[in-house]
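Just below is one structure, and these are the notes that go with it.
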Amino acid sequence: MKKLALLLCLAVIGGLGYLIYTKKVAPKMNDQLIPRNVLFGNPEKASVKLSSNGEYLSYLANLNGVLNIFTAKVSAIHEASSITKDTGRGIRQYFWLYDNKHIAYMKDDGGDENWRIHIVDIASKEDKTLTPEKANARIINVSDKFPEEILIGLNDRDESYHDVYRLNIVSGEKTLVLQNDKQFSDFTFDDDYNLRFASKTTPEGGCQYFKAIPTNEPGKYDWEIFIETGLEDIYTTNLIDLTHDGKTLYLLDSRGHNLNVLKEINLETNAEKILAEGKKADIGGIIVHPRTGIIEAYSIDYLRNEWTCLDEEFETHFNVIKTSLKGDVNIGSRTLDDNTWVVADMKDDGPVGYYLYKKDKKNLTFLFHHREALTKYQLAKMEGITIKARDGLELPAYLTKPLNAKGPTALVLLVHGGPWARDNWGYDPEAQWLANRGYAVLQVNFRSSTGFGKAFISKGNLEWGGKMHEDLLDAVNWAVKKGIADPAKIAIYGGSYGGYAALWAATQSGDVFKCAVDIVGPSNLQTLLSTFPAYWASFMEIAYKQVGDARTEEGRALLKDRSPLTHVDKIKIPVLIAQGEKDPRVKQDESEQIVAAMKTKNLGYMYMLFMDEGHGFARPENKFAFYGIAERFLSDNLKGQCEGLTDDEIAKSTLTPEHKALLVKHN
């Protein structure tokens, strides 16, 4: 794909000549400016896990600036050593296998999301890659009954759908369990590795769940409809899992409800029982016993995540932990005998604290913070609020204000991706970064965000650039009326769907926003939908119903009208665009198209293309370069504080050579 050589453009905005990246002196920094490398460098320790026998503790940590897996005996945690030696974008997904001798992790090539499964022997540190290149691998199930085997999915036969294999982690041998000729998107196996359920998308965008009926022929099944949902239930109804004896199925079910309910179904009698119901928000988090698979607690997250215990013994220990910590409690990895837990203390104004909890002693022991350097700084508080949209819909949102803020300040509207996702309360590095630079930060769960009931999601159908955008404007108006935001100093900033929202705002609401920052955001909804990865085939009917149907004349007209590219001539504010060259979701061409159009029309933009990144930036050197440029961009437009950016920080990134040279030239 042709890359644009010109990164920086002269623009005429409002009749005045404007260089999008100026050589102005940054405002004076105060003593509490938090360095970007503290906020955006790799965490010191993260993703803490226990081996199932409780002998080992593992976590992700830096090895020569790259996240790798470290292990240690629980009895000697401070003697941890790395068992992997990745030198690329780092490892982010891993788990212990039940033999307590191996760890599995997933890794792609530079962000292309063709995940490959690696198995590491923790004693010898031998690292074996057991799935092929250019295929998307998935972990489907693991069981303590088969410590040397796992169930995986591979799309190497059919790019669009995954076949299921039984993989021996020692020999690497794969045995076909199911050739997926019926276009199933997901599977549920029991702990004996018997296939019990499979699901597929319907032409209407809903989902059918089938019960697998074994036949006399190995790998062949008859299929019986178990439950069926419509499009409106697609995000709020799903099978959770089976108990380990395979007799009980848990599911979240919103059929006949706006907020989902937690159900258990006795698969021998088909008797159903409602265990809990959502209140104000959907049931989201679930905690199950590691040996039995029985649900012990569930959570509902409206403005804060709140746990409700279903098991008295679990509740006793949960309360011991809760009274000892200051933030929200997150129960993570647990040993198979359930005596030792990893516990995370989640705060909004400080790093995550990791602890070990021993049930037999009711003892909580501090391990470490995920970013110890943050403890040296005072961070801002995040406040949960609700904002009423113009049609009366209540929008759960979060506000983070600069420390000691008095009167209206510059504001950054930070828009989440998805859009079928949500913002949550807690430590957010971007919110802390922006607040520390002097900006109020507003994060709003606009319609289509998940977690607040199916009606809330459905109100966003076909509303990209419509009512979803109006929700963002209503949130900004709320902040202005409350005296929080200076109406002359407002920016919009986001990634993925949030990047789309930023581009759309630049074309439609230049009177509201002073500038826009787009990270891997689509500019052309028609090309976006036509270039999703092949293995997203099961999602396409949902996308057509919720974004626009590219197969119909009416749908194509809507997609064109709601594409920022169509309205590029209306842009009157400077725009910063950042893209990963290997992004499989929002392809490079999404950024290239709008950059080319802005260049042709002599509009103000800055473009950063990172060669070894995908849908978001993982390499610390790339994050430092991006956030350094973004910080200067916001400072130039909103007059916030700014940490210096060196040519060396740009040079160490994987920006394309021409982009790197231009940035160094103008820095």
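Side-chain atoms are counted along with the backbone in the values below, which use heavy atoms only and exclude waters and symmetry mates.
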Just so I know, are the side chains of T507 and V568 near enough to count as touching, which here means a heavy-atom distance under 4.5 Å? no
Establish, yes or no, whether a centroid distance under 6.0 Å links the rings of W341 and F318. no
Can you tell me if K49 has over 12 outside heavy atoms packed within less than 6.0 Å of its NZ? yes
Quick check on Q378: does its CD atom have over 12 non-hydrogen neighbours (other residues, nucleotides or ligands) under 6.0 Å away? no
Would you say Y439's side chain and L413's backbone share a donor-acceptor pair under 3.5 angstrom? no
Is a salt bridge present between E463 and R447, judged by a nitrogen-to-oxygen distance below 4.0 Å? no
Kindly state whether the ring of F626 and the ring of F40 have centres lying under 6.0 angstrom apart. no
Does K401, at its NZ atom, have more than 12 non-hydrogen atoms belonging to other residues, nucleotides or ligands within less than 6.0 Å? no
Is it true that F446 and H416 have ring centroids separated by less than 6.0 Å? yes
Are any non-hydrogen side-chain atoms of S509 and L473 less than 4.5 angstrom apart? yes
Students often mix this up, so state it plainly: with edges at 30° and 60°, are the rings of Y500 and W504 parallel, tilted or perpendicular? parallel
Evaluate the criterion salt bridge (charged side-chain N to carboxylate O under 4.0 Å, His left out) for residue pair D301 and R422; output intermediate values, then yes/no. CA-CA 10 Å; D301 187 350; R422 61 162 294 172; 3.4 Å; yes
Check the pair R437 / E643 against salt bridge (charged side-chain N to carboxylate O under 4.0 Å, His left out), numbers first and verdict last. CA-CA 9 Å; R437 272 42 173 179; E643 181 187 2; 3.2 Å; yes
Would you say the side chains of Y493 and E430 form a donor-acceptor pair under 3.5 Å? yes
Counting only N and O atoms by type, is there a donor-acceptor contact under 3.5 Å from the side chain of H257 to the main-chain atoms of G453? no
Knowing that exactly one of N238, D282, N260, D233 qualifies, which makes a side chain to side chain donor-acceptor pair (under 3.5 Å) with S254? D233
In terms of heavy-atom contacts, does NZ of K514 have more than 12 from other residues, nucleotides or ligands at under 6.0 Å? no
Heavy-atom check, side chain of L231 versus side chain of N461, under 4.5 Å: yes
I'd like to know if the side chain of R36 and the backbone of K623 have a donor-acceptor N/O pair within less than 3.5 Å. no
Compare all side-chain heavy atoms of H369 with those of L374 and state whether any distance is below 4.5 angstrom. no
Can you sort out the partners of R92 under salt bridge (Lys or Arg N to Asp or Glu O under 4.0 Å), two or more places apart, ordered by chain and number? none
Please check this pair: side chain of R619 against backbone of S653, looking for a donor-acceptor N/O pair closer than 3.5 Å. no
